[in-house]
Q: 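Before I ask anything, here is the structure I am working with.
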Amino acid sequence: MSLDSPQEVAGALRAASYLPDARIAQVVFLAARLDKPVLVEGPAGVGKTELAKAMAAVTERRLIRLQCYEGLDEAKALYEWNYKKQLLRIQADADHDWDTISHDIFSEDFLLTRPLLEAIRSTDPVVLLIDEVDRVEVETEALLLEVLSDFQVSIPELGTMTAVTRPMVFLTSNNTRELSEALKRRCLFLHIDYPDPARETEILKARVPGLSDHLADQVARVARSIRSLDLKKAPSVSETIDWARTLIALSVEEVDEEVLGDTFHVLLKYQVDIERAAKELTSNPAR
Ligand SMILES: Nc1ncnc2c1ncn2[C@@H]1O[C@H](COP(=O)(O)OP(=O)(O)OP(=O)(O)O)[C@@H](O)[C@H]1O
Ligand SMILES: [Mg+2]
């Protein structure tokens, strides 16, 4: 698959059922061209994680995912020694001298590789997704920096392992905290916001089989109206997809006041939001 221009990237993503806007296609193109990680930021459910998955499909690369969470450490992100196996070896080889044994048990056979090391060691090029990076502590970011700047990992007992092939890297963030300047500097920045109705209509048609053009258009317009309200949690693309599926399941052909009132809970997850949206929209669903 040739990705020699933003237009080609856009076409390839579309073929993988991911509908990018011009900015997404441009940043992904540049990232591939400049060999830089992409830091994808934006609200929940706008297609950040999906972009990395779609690029793995487009480039026919394996996707390696590091799901970040508070407390994620080196042992879960990079590697750890397989203590159990080491212990068994020590017990089995009690007669041998310690030098031989320690040389053995700190070899690759006793290493448990975690996503970052796996991406570095892979002989086939991969897509590395570091998902929800804003959830790790600032100190843990330092771990990522060595990988992202040099594509290498140093293991005291084994030396430095350098990537054979450079992974294509995506980091995603919901912006729950500021990321370090050092991390940002290494990445191309991509903000993804809610799609405009035209793109959301396309996304819905790609993701919801059997959805009519008319209904897709109505769903996208209602989604935009609802997002313009002052809500606790605006509906994401995943929720509009669920809503479109709901409408099909209920054999709805036309969104009216009654349908809206009956199905708001698929789009909105707070009772105050449902009440506010009901008040504002039921008199004019697709304004
Ligand atoms: N541009 C798009 N093209 C096709 N599908 C999309 C697009 N954007 C979002 N989607 C759909 O929305 C769903 C949610 O997207 P995704 O899981 O990538 O959201 P996210 O931004 O990673 O959210 P979170 O911050 O909650 O992890 C996807 O499974 C996909 O079906
Ligand atoms: Mg995600």
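Counting convention: from 1, in listed order, for ligands and their atoms alike.
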Q: Examine the proximity of ligand 1 to I203 and report which part, side chain or backbone, both or neither, has a heavy atom under 4.0 Å away.
A: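 For I203, only side-chain atoms sit under 4.0 Å from ligand 1.
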
Q: Tabulate below the donor-acceptor pairs under 3.5 Å that side-chain atoms of residues 147-163 make, not counting sequence neighbours, or state none.
A:
residue, atom, partner, partner atom, Å
S149, OG, L145, O, 2.6
S149, OG, R186, NE, 3.4
S154, OG, E146, OE2, 2.9

Q: Contact between E132 and ligand 1, counting heavy atoms under 4.0 Å?
A: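 A heavy atom of E132 does come that close to ligand 1.
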
Q: Does the K85 side chain pair with the main chain of D109, one donor and one acceptor, at a distance under 3.5 Å?
A: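 Yes, the answer is positive, given that a donor and an acceptor are paired below the 3.5 Å cut-off.
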
Q: Under 4.0 Å from any heavy atom of G47, which atoms of ligand 1 are there?
A: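 Going through ligand 1 atom by atom, the ones under 4.0 Å from G47 are 8 (N), 9 (C), 15 (O), 16 (P), 18 (O), 19 (O), 20 (P), 21 (O).
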
Q: How close do T113 and L117 get, heavy atom to heavy atom, and via which atoms?
A: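 Scanning both residues completely, I find the closest heavy atoms to be CG2-CD2, 3.4 Å.
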
Q: Looking at ligand 1, is there an atom of it that comes within less than 4.0 Å of some heavy atom belonging to G45?
A: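 A heavy atom of G45 does come that close to ligand 1.
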
Q: Taking distance alone, no hydrogens or angles, what donor-acceptor pairs closer than 3.5 Å link side-chain atoms of residues 15-39 to residues at least two apart or in another chain?
A:
residue, atom, partner, partner atom, Å
Y18, OH, G47, O, 2.8
D21, OD1, R23, N, 3.3
D21, OD1, I24, N, 2.9

Q: Return yes if some donor-acceptor pair links the side-chain N/O of E141 with the main-chain N/O of L183 below 3.5 Å, else return no.
A: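 No: the side chain of E141 does not pair with the backbone of L183.
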
Q: Answer yes or no: is there a donor N or O on one side and an acceptor on the other, between the side chain of E239 and the main chain of S236, under 3.5 Å?
A: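 Yes.
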
Q: With distance as the sole test, does E137 use its side chain to make a donor-acceptor pair with the main-chain N or O of E70 at under 3.5 Å?
A: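 Side chain of E137 to backbone of E70, a donor-acceptor pair under 3.5 Å: no, none is there.
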
Q: Indicate, as side chain, backbone, both or neither, the part of R207 found under 4.0 angstrom from ligand 1 when only non-hydrogen atoms are considered.
A: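 For R207, only side-chain atoms sit under 4.0 Å from ligand 1.
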
Q: Do Q86 and F106 come within less than 4.5 Å of each other through their side chains, counting heavy atoms only?
A: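 They are in contact (side-chain heavy atoms under 4.5 Å apart), so the answer is yes.
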
Q: Considering S236, S17, P43, which one's heavy-atom position lies nearest to atom 4 (C) of ligand 1?
A: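 Minimum heavy-atom distance to atom 4 (C) of ligand 1 goes to S17.
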
Q: Which ligand 1 atoms does R199 reach within 4.0 Å, using its non-hydrogen atoms?
A: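 In order of numbering, the contacting atoms are 1 (N).
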
Q: For the pair R177 (side chain) and V136 (backbone), establish whether a donor and an acceptor sit closer than 3.5 Å, ignoring hydrogens and angles.
A: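 Yes: the side chain of R177 pairs with the backbone of V136.
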
Q: Provide the number and element of each atom of ligand 1 under 4.0 Å from a heavy atom of N174.
A: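 In order of number, 25 (O).
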
Q: Would you call D273 and K232 a salt bridge, taking side-chain N to carboxylate O under 4.0 Å as the test?
A: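 Result for this pair is no, no salt bridge flagged.
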
Q: Pair up each side-chain donor or acceptor in residues 208-217 with any protein partner under 3.5 Å, not counting sequence neighbours, and list the distances.
A:
residue, atom, partner, partner atom, Å
S212, OG, L215, N, 3.1
D213, OD1, K205, NZ, 3.2
H214, NE2, E254, OE1, 2.9
D217, OD2, R221, NE, 3.4
D217, OD2, R221, NH2, 3.3

Q: Using heavy atoms and a 4.0 Å limit, tell me yes or no: is L19 in contact with ligand 1?
A: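 True for this residue.
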
Q: Any heavy atom of E202 sitting closer than 4.0 Å to ligand 1?
A: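 No, that is not the case, since the closest heavy atom of the residue is not under 4.0 Å from the ligand.
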
Q: Should we count CD of Q91 as having more than 12 external heavy atoms under 6.0 Å?
A: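 More than 12 within 6.0 Å, yes.
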
Q: Applying a 4.0 Å heavy-atom criterion (strictly less than), which segment of P195 is in contact with ligand 1: side chain, backbone, both, or neither?
A: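 For P195, no heavy atom sits under 4.0 Å from ligand 1.
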
Q: Check for me: within less than 2.8 Å of the Mg ion (ligand 2), which protein N/O/S atoms show up?
A: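 The answer is T49 OG1.
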
Q: Using a 4.0 Å heavy-atom cut-off, say whether D131 meets ligand 1 through its side chain, its backbone, both or neither.
A: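 D131 to ligand 1: no contact under 4.0 Å from either part.
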
